[in-house]
There are 2 protein chains.
Amino acid sequence: MGRPTIADIAERVGVSKGAVSFALNGRPGVGEATRARILQMAKEMNWRPHSAARALGGARAEAVGLVIARPASTLGVEPFFAQLLSGLQAGLSAQSVAMHLLIVEDVEAETEIYRDWASAHRVDGFIVVDLKVRDPRIEVLEELGVPTVVLGGPGRHGSLSSVWADDREAMLSIVEYLAALGHRRIAHVAGLPAFRHTQRRMRALRDSTRRLALADAVSVATDFSDSEGAAATRTLLSRGTRPTAIVYDSDVMALAGLGVAGEMGVRVPDELSIVAFDDSVLTRIAHPAITALSRDTFALGGQVAEVMLALIADPEARQDLKTATPRLVVRRSTAAPGTWQDD
Amino acid sequence: MGRPTIADIAERVGVSKGAVSFALNGRPGVGEATRARILQMAKEMNWRPHSAARALGGARAEAVGLVIARPASTLGVEPFFAQLLSGLQAGLSAQSVAMHLLIVEDVEAETEIYRDWASAHRVDGFIVVDLKVRDPRIEVLEELGVPTVVLGGPGRHGSLSSVWADDREAMLSIVEYLAALGHRRIAHVAGLPAFRHTQRRMRALRDSTRRLALADAVSVATDFSDSEGAAATRTLLSRGTRPTAIVYDSDVMALAGLGVAGEMGVRVPDELSIVAFDDSVLTRIAHPAITALSRDTFALGGQVAEVMLALIADPEARQDLKTATPRLVVRRSTAAPGTWQDD
DNA sequence: TCCATGTGTACTAGTGAACAC
DNA sequence: TGTGTTCACTAGTACACATGG
């Protein structure tokens, strides 16, 4: 005989399936003595609920879905993702909610999975990352009616809950700091232009140009990889009038940029200041250590988990949570531009 | 009306449920014309299979389980884990197999989850990491009869499949390299002593003492955290006769050790050689860059995924895969011990 | 009478509600 | 009224059997 079912228990105790179901779920409708006998027998037979059978009846899946449309390798390379994942896990595992994780090729495949998992009731909700400028996933998820938390914003996530950091404000704080140091030619090695937060950062820099009297404020788009980050840096440093400061959209790219500067004989921070838009062990141990915007991604994951769990418990409890504005951690990679600088 | 079921399709097309089931699963027993009409209607109604209902009948869950008994925060800190996870994903997602992930408190909770998920048929198999010296999980999983791949070995994983690296051989290669450089006092900042691979590394070092005429070969156990790695280094460097080389069981600890050396005024590599048992971006960008054992953890994850998928396809296809022996990548953190050294 | 094509019903594990003692 | 039974229901699979040419 395989695993015991409530029918097996019912037979052995000499009651009906219904009585066993009531007893095991702590509902009234069965006497204390019988309940005790049933519980005892269930324990003896090592009975466990069968989630598939429960799911048929519409019960919780005790899992949330995370589908990511990126090459799998980036997961391991980007500290941001690893941190987010562990923060999510920390929040979810407190309630023993598992995470159903899948990497797919593109956004089309991603929405297909949403439809599959939603109609099969494999998960109780979804977490959406990498919010795009015009994101087709939003309306699909709204249509499906499954609790969803979007990581990113503000706005453009329709009726779905969201957790977001103010990328505009963050970029402004970096640029203001650099301007205060005396920098006037600031470059920006950005991430994927399709991402909404990339756009917000680029616009924030552009908008600062006049207000802070910057001579130059160029954004270069990349795919977030260290190699494109390095290439962008090489291009920027090869120009006639170099930037005196570069802001990188990720710690990995900042590190790659630091390497390129060294290789080209450009001294950091004397000739070039470097700021990373993400803090991690990478920026701390670089040499020189890199000034970075500290975002506590682990905590971010925890907040997303919290909003998710609240939403599952009460689908009406829509939230729009703005996370604490990240603070700039100043390290050795930034300084006033060298006096030999013209401008 | 909610999501369409095969009964709905059957009604509209005017056939029985059975016919629809046959048609949708591409099995014989239904004519081509009828099959086409059914498929057409299914598409029109946007029908999708309900995995819970299928699971009741004993079908695949299309997911593998990964349960980890560690504080969630370590997931984000240790590059090893992030890399492994992404490698796993890369391998699994090729067949659209998802990963069911959960962090738990301890090994007892972990085995409970195994029992739960196995009897509820939530996953098609399990991946076990952090193999312990006497691991209670092994027999539980054998008893459950669910396809399982153990990451770690050799041996002590019973009848389960395994993928393992030869930690003994790896440690010997490091120690031999250091001995050849002239080091005679080699210390080892180890990981959790409960882990099987930690024990194998410690023993390998001890066994080398006589053969390589080492004056000293001490292992200090830690919990893999950077703080304990730093503390262990501080202790080792405060002793009367310092080691001239330290081997760290992880890149994070090696980096922490490098920091401590700097802080104590011990020059690396002139006065102290440092080797990490794990390679990653951390060791590459450290200053000086750290000599490390390169293990390609991403590929390791891919191999585990492959063995897992093969095992699910054919439960008899037990494998015991030894991965390529990692090679030592020599960087700037190792050199011959300073001439001012006695002995 | 053979065979392709379908039908009817039982079965998976558990929930829930009407009903009976 | 409290205690417990019976049966339908969830979505899909599987198999014995029926029907027709």
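As the structure is a prediction and not an experimental result, all values here were calculated from the model. First the proteins, then the strands, lettered A, B, ... as listed; each starts at 1.
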Worksheet item: So what's C:dT5 paired with, Watson-Crick or G-U wobble, going by both distances under 3.5 Å?
Response: D:dA18
Discussion item. Would you say that more than 12 heavy atoms from the other residues, nucleotides or ligands in this model lie under 6.0 Å from the CZ of B:R115, or not?
Written reply: yes
Worksheet item: Minimum heavy-atom separation for B:I138 to B:G158, with atom names?
Response: CG2-N, 4.0 Å
Discussion item. Angle between ring planes, A:F126 versus A:W117, binned at 30° and 60°: parallel, tilted or perpendicular?
Written reply: parallel
Worksheet item: When the distance from CZ of B:R60 to P of D:dT13 is rounded to whole Å, what number comes out?
Response: 14 Å
Discussion item. Checking side-chain polar atoms at under 3.5 Å, does A:E142 have a donor or acceptor matched by the opposite partner on A:S159?
Written reply: yes
Fill in: Among D:dT6, C:dT7, D:dG12, the one nearest B:A53 by side-chain distance
D:dG12
Practice prompt. With the side chain of A:T34 defined as its heavy atoms from C-beta on, choose the nearest nucleotide among D:dG4, C:dG16, C:dA13.
Written response: D:dG4
Item to complete: Mind checking A:G29 for me? I need base, sugar-phosphate or nothing, with any heavy atom below 4.0 Å counting as a touch.
Response: base
Worksheet item: Is any side-chain nitrogen or oxygen of A:W47 closer than 4.0 Å to OP1 or OP2 of C:dA13?
Response: no
Item to complete: From the options D:dT13, C:dT15, C:dA13, select the nucleotide whose nearest atom is closest to the side chain of B:R27.
Response: D:dT13
Discussion item. Whether B:S16 contacts C:dG6 is assessed here as follows: a side-chain N or O lying under 4.0 Å from the phosphate OP1 or OP2. Is that the case?
Written reply: no
Fill in: Donor-acceptor contact below 3.5 Å, side chain B:K132 vs main chain B:D130
yes
Worksheet, complete the sentence: A:H121 atom NE2 is separated from D:dG12 atom C1', nearest whole Å, by 17 Å
Discussion item. Measure CG/A:N25 against P/C:dG14 and give the value in whole Å, please.
Written reply: 10 Å
Worksheet entry | Value in whole Å for how far the P atom of C:dT12 lies from CZ of B:R54 | 19 Å
Practice prompt. Rounded off to whole Å, could you give me the CG-to-P distance for the B:D8 and D:dC9 pair?
Written response: 14 Å
Worksheet, complete the sentence: Side-chain atoms of A:F22 come closest, of D:dT5, C:dT15, D:dA11, to D:dT5
Worksheet item: Which nucleotide, C:dT7, C:dG16, C:dA13, lies nearest any side-chain atom of A:L56?
Response: C:dA13
Fill in: Whole-Å gap separating P (D:dG2) and CD (A:E32)
13 Å
Item to complete: State whether the side chain of B:Q89 and the backbone N or O of A:A72 hold a donor-acceptor pair below 3.5 Å, judged by distance alone.
Response: no
Discussion item. So, under a plain 3.5 Å distance rule, would you say the side chain of B:K17 forms a donor-acceptor pair with the base of C:dG8?
Written reply: no
Worksheet item: Starting at the 5' end of DNA chain D, which residue's closest nucleotide do you reach first, A:R35 or B:A7?
Response: A:R35
Worksheet item: Taking for each residue the nucleotide of DNA chain D with the nearest heavy atom, is it B:L24 or A:V15 whose nucleotide lies nearer the 5' end?
Response: A:V15
Item to complete: Mind checking A:P28 for me? I need base, sugar-phosphate or nothing, with any heavy atom below 4.0 Å counting as a touch.
Response: nothing
Worksheet item: Which listed nucleotide (D:dA11, C:dG6, C:dG14) is nearest to the side chain of B:H50?
Response: D:dA11
Discussion item. Between P on D:dA14 and CD1 on B:I6, what's the gap in Å once rounded to a whole number?
Written reply: 11 Å
